[in-house]
Every structure is written in structure tokens, then in C-alpha cells.
Amino acid sequence: LSRLPVTAQKEKLCCTENGPIRRNPAGNVARPMVQKLPEPQDIKACLEVQDFDTPPFYSTSSESFRNTIEGYSVPEGIYDPIVRSLHNLAHLFLNGTGGTTHLSPNDPIFVLLHTFTDAVFDEWLRRHPESAVYPLENAPIGHNRHHNMVPFWPPVSNAEMFATAPENLGYSYEAEWPARPITLTEIITIAVVAALIVVAIIFTVTTCIVRTSSNKTEGRQPLLGEQYQCYDDQDSRHNDKTQSVV
Ligand SMILES: O=C1C=c2cc(C(=O)O)[nH]c2=CC1=O
């Protein structure tokens, strides 16, 4: 705020009762758990949560990607009422306008935080195409698949926005994501391919050794081996003019 022109500093940036934007990052001494920001490994962990959402499709849902990225679960997905992580933790860390619901959009960090949260969601959609299922019913009002998102106009449903960005929405995120863990199927495939390569190598090497050694053995044999001697004996018998042939 101090970097704004003096006139802007005196003005209310937005029409709230809260006055100018306030930040006191990591300053909430009453809540030590919100004195830190989320870590990169928290992003990695939440990207591995399998299901998009789980009953009751609320802030108490456990093992739900939606509730985890929102920040009501530990980053691995287990719901814990005292935990604040990821998106919520970033809000609460700001400890001021940006940490107060309904005022937080007044802090410009809001846009960055929510854009990054959407980028994580986009990456999750990409990694879990098989379990990317938006709740059809039983979610709170406005949060079922075909409900329209309030307050957008013209109306747009949750289902329409439950889509990967570049392919469906016309924008993309430039972010480096932690490596995806190898799945069991991939481990089995790699093991089978590696085993086949090892067998092929052993077969090739063995064949070469056998051929080389048999070539060597053949090479050492006298040109006139037993069979040639045999022919030789026969020939000499035929040629022996002293023996009568019957
Ligand atoms: O502005 C917000 C403030 C929040 C505080 C929490 C919390 O978990 O206590 N969550 C928030 C979300 C916001 O958007």
C-alpha cells in the first residue's frame, strides 16, 4: 500500500467497511498452524487424491480432491476439523483482508491464489480422467452437476466448467508440476519388458558362446577325421589290385 500514490492511499480501494487492504502475513499468533504457507509437497500430495468429491460433498468430506485443494483436509486427503491447508491456508496466512471471507477478493493476491488453485484443479483433471466425476446429486444447493454457478451470467453450469483448460476453455497454465507417481500397471509393464530384454540378452549371449565354441572345436579337428579315414580305407581296398574283387 505504501508504494501507491498518496491519493490512492487515501481512497478506499473498494467499498467495504474494512478500510484499506490489510496484510499481516504469518502474524496470527493465536493460530500457529496458519503461520506458514503451503509447501510444494502439499500440492504433490493433493494431486494424488483419487476421487474428485465424496459424500456429503461438503467441507467435511474426506478423501475428496475438491475438499483437499480447498484446504479442509490434510494435503493427503483425510478430513480433520482443526486442519487448514492449501487454498484456505494461503488465505489465513495473509491474516488480514485476504484472510477474511467476503473481503478477501479486495486483496490483489486473491486473483493469483485462485488462479493457481484452478491450475492445480486443471492438472488433477488431467491426471485422473477415470475418476473425474462431478457429483450429480446430493451436494449442497448450487453444487450439483447441472446446477448453475451463482452469480455468473449468462448461466453456466458446474458440468460445463468441469473440463480441462486448453482443450475446452481456450487457455492454458504454464506451471511445472511434481512428477506423477508410477502406477502399479506401469510398474508391471516395466518389469515384464525388462524381463523380456534380459531373456533376449541371455539367449543372444548364450547362442554366440555356443556357436563360437562349436566353431573352435570344428576348427581343431583334423581335415581327415574318422569318416574321411574310413573313405580312405575303402578307397585303398578298392585300389588294391592284389585283392580279387568278387
Ligand atoms: O477469504 C477467505 C477466507 C477464508 C478463511 C478460510 C478458513 O478456512 O478459515 N477459508 C477462507 C476462504 C476465503 O476465500
Side-chain angles (χ1 to χ4, degrees), residues 1 4 12-49 51-125 134-135 139-144 147-153 156-158 161-162 165 169 171 173 175:
L1 193 64
L4 290 173
K12 279 186 182 176
L13 289 178
C14 284
C15 305
T16 70
E17 291 166 10
N18 211 36
I21 291 167
R22 294 178 200 284
R23 286 184 197 150
N24 180 18
N28 190 342
V29 286
R31 288 182 80 178
M33 279 179 76
V34 302
Q35 290 179 342
K36 61 181 174 93
L37 279 169
E39 300 277 347
Q41 66 262 26
D42 300 340
I43 303 291
K44 184 173 187 293
C46 86
L47 283 171
E48 287 168 27
V49 176
D51 292 329
F52 176 71
D53 210 352
T54 56
F57 310 113
Y58 196 58
S59 58
T60 49
S61 291
S62 198
E63 297 180 72
S64 145
F65 168 76
R66 193 263 319 143
N67 207 34
T68 305
I69 186 67
E70 196 163 347
Y72 288 111
S73 297
V74 297
E76 290 74 22
I78 307 299
Y79 168 68
D80 182 339
I82 61 160
V83 160
R84 288 295 184 273
S85 68
L86 296 156
H87 155 267
N88 281 342
L89 179 56
H91 271 291
L92 295 173
F93 174 86
L94 292 172
N95 191 34
T97 310
T100 312
T101 311
H102 306 303
L103 295 181
S104 56
N106 293 339
D107 187 325
I109 285 185
F110 183 93
V111 177
L112 296 178
L113 169 57
H114 283 256
T115 306
F116 183 68
T117 304
D118 188 53
V120 178
F121 166 58
D122 191 60
E123 178 64 12
W124 183 89
L125 279 179
Y134 198 94
I141 191 161
H143 295 275
N144 288 316
H147 287 180
N148 290 329
M149 292 198 282
V150 177
F152 297 111
W153 190 264
V156 56
S157 71
N158 293 303
M161 290 295 119
F162 196 67
L169 305 174
Y171 59 87
Y173 290 110

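Atoms within each ligand, like the ligands themselves, are counted from 1 in listed order.
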What protein heavy atom lies closest to [atom]? Include the residue and the distance to one decimal.
{"atom": "atom 1 (O) of ligand 1", "value": "S104 OG, 2.5 Å"}
{"atom": "atom 7 (C) of ligand 1", "value": "R84 NE, 3.4 Å"}
{"atom": "atom 12 (C) of ligand 1", "value": "H91 CD2, 3.6 Å"}
{"atom": "atom 4 (C) of ligand 1", "value": "T101 OG1, 3.5 Å"}

At what distance, to the nearest 0.5 angstrom, does [atom1] of [X] lie from [atom2] of [Y]?
{"X": "M33", "Y": "N28", "atom1": "CE", "atom2": "CG", "result": "12.0 Å"}
{"X": "D51", "Y": "S61", "atom1": "CG", "atom2": "OG", "result": "10.5 Å"}
{"X": "N67", "Y": "C46", "atom1": "CG", "atom2": "SG", "result": "11.5 Å"}

Ligand-side contact atoms (ligand 1) for residue partner H87, heavy atom cut-off under 4.0 Å: 12 (C)
In terms of ring plane angle, is the pair H114 and F110 parallel, tilted or perpendicular, where the classes change at 30° and 60°?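 The rings of H114 and F110 lie parallel, inter-plane angle below 30°.
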Describe, in one word, how the ring planes of F65 and F52 are oriented to each other, choosing from parallel (under 30°), tilted (30 to 60°) and perpendicular (over 60°). tilted
Nearest option to atom 10 (N) of ligand 1, as decided by whichever heavy atom of T97, V83, N88 sits closest: N88
Using a 3.5 Å distance criterion without hydrogens, assess whether the side chain of R66 forms a donor-acceptor pair with backbone atoms of Y58.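 Answer holds: yes.
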Heavy-atom pairs closer than 4.0 Å: do any link ligand 1 to the side chain of L92, the backbone, both, or neither?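 Only the side chain of L92 comes within reach of ligand 1.
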Under a heavy-atom criterion of less than 4.0 Å, does G99 contact ligand 1?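 For ligand 1, residue contact (heavy atoms, under 4.0 Å) with G99 is present.
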S64 side chain to D53 side chain, donor-acceptor N/O pair below 3.5 angstrom: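 The criterion, which ignores hydrogens and geometry beyond distance, is satisfied for D53 and S64.
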Using a plain distance cutoff, I'd like to know if H114 has any nitrogen or oxygen under 3.5 Å from a nitrogen or oxygen of ligand 1. no
